[in-house]
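Structure record follows, encoded as structure tokens.
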Amino acid sequence: MDEKDYYEILGIGRSAEPEEIKKAYRKLAMQYHPDKNPGDKTAEEKFKEIGEAYAVLSDPQKRRQYDQFGRSGMRGNGGFSGGFGGFDPFDIFREVFGGGGFGDLFNMSGGGRRTVQRGSDLQIRLKLTLEEIATGVSKKLKIKKMIRCERCDGSGAKPGTTPTTCPQCQGRGEVAYRQGFFTVSRTCDRCHGEGKINSHPCSECRGDGRVRGETTMEVEIPAGVAEGQFITLRNAGNAGPRKGPPGDALIIIEEEPHPQFERHGSDLVCHLVLSFSQAALGDEVEVPTITGKAKIQIAPGTQSGKILRMRGKGLPLLQGNGKGDQLIRVQVFTPTKLSEKEKQLFKELAQQENTKPTKADRSFFDKMKEAIL
Ligand SMILES: [Zn+2]
Ligand SMILES: [Zn+2]
């Protein structure tokens, strides 16, 4: 499939309101539905594509994620696996058009309004160090969640029994009744829309089809993520009751405070303390970087408050392939305990013309302002 933008696929602007998104989807879905275009592969692809675009843009969380990560970042390998693939375009169609009605219009198989309950989404907070964010990292997570009951294979029925078709709706999950001139449908109250009646519930899951369990999942965190962003693992959430589709797992990124670096977007800020003589004479000093130590040159006459910039030593950008910078705030250390000899030397220095401060000018204050990040 090509990498067309979801907004483009639906022919809407990036700030489109939910109603507008739905309207655009409805129009296109009607046009490209395979039942309306039998044997037309292009229409089928198109139908899938608009379904996928709608599924993402109609879900505020997914839409935000898409706006942040783009489409390529969300599919791909590893942790984003599933990403946005794996949609059933017919499910989406049924959801928007409300099952029965339009399904029948198109002679869709398995009509009726049978309710299948989807499992709920899981929200998992994942703490990452700046080092992990700098390189990207693969994490194995142990997660407690609802999983399919093995005893009944998720059906909720005692092994050896099968739920019977609901006699009230004949398994359709909805019942039609007349209201004036119209025939209206409502959810069947006998089976609660499931179409089936389970008179022998499984003893393990009490008919729910799922039990509490634990799974391990591996998630690939791309380099450059930030606090509050999240990664959606499609279908990795709680199992749905009685074979209902699973929810998603949202991995929410949390950033651990770093002992040396402060993050400003993709830039990293750290402090460097210099002695009087290092600042005055210049020196080569070792500084930490997020990927290890590095040496930098301190120019003679470096002022306290000066910002040194190490280009490309910050964090990678999530999108694109650039990197932020590392900013080093210089502070000149004033000694507090001096021996008699040291005091004497400072007194001698103080007599020298060039050790007296020059008048602070405008640009000095501007630099100080810049220094207070
Ligand atoms: Zn069971
Ligand atoms: Zn029923």
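Ligands are counted one by one from 1 in listed order, and the atoms in each one are counted from 1 as well.
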Exactly one of K313, R263, R309 should register a salt bridge (charged side-chain N to carboxylate O under 4.0 Å, His left out) with D325. Which one does? R309
Are the side chain of Q31 and the backbone N or O of A43 linked by a donor-acceptor pair below 3.5 Å? no
Under-2.8 Å protein N/O/S neighbours of the Zn ion (ligand 2), ordered by chain then residue number: C166 SG, C169 SG, C188 SG, C191 SG
Indicate yes or no: at least one non-hydrogen side-chain atom of C191 is less than 4.5 angstrom from one of Q168. no
Validation row: N235, P245 side chains within 4.5 angstrom (heavy atoms): no
Hits for ring pair (Phe, Tyr, Trp, His ring centres under 6.0 Å) against H271, two or more places apart or cross-chain, chain-then-number order -> none
So, the side chain of T355 versus the backbone of L349: is there a donor-acceptor pair under 3.5 Å, distance only? yes
Hey, which protein N/O/S atoms does the Zn ion (ligand 1) have under 2.8 Å? C149 SG, C152 SG, C202 SG, C205 SG
Quick one: side-chain hydrogen bond (donor to acceptor under 3.5 Å, both in side chains) partners of T336, sequence neighbours excluded? none
Given the options L128, T129, L130, E255 meets side-chain contact (heavy atoms from CB on, under 4.5 Å) only with L130
Taking atom NZ of K158 as the centre, does the number of heavy atoms from other residues, nucleotides or ligands within less than 6.0 Å exceed 12? no
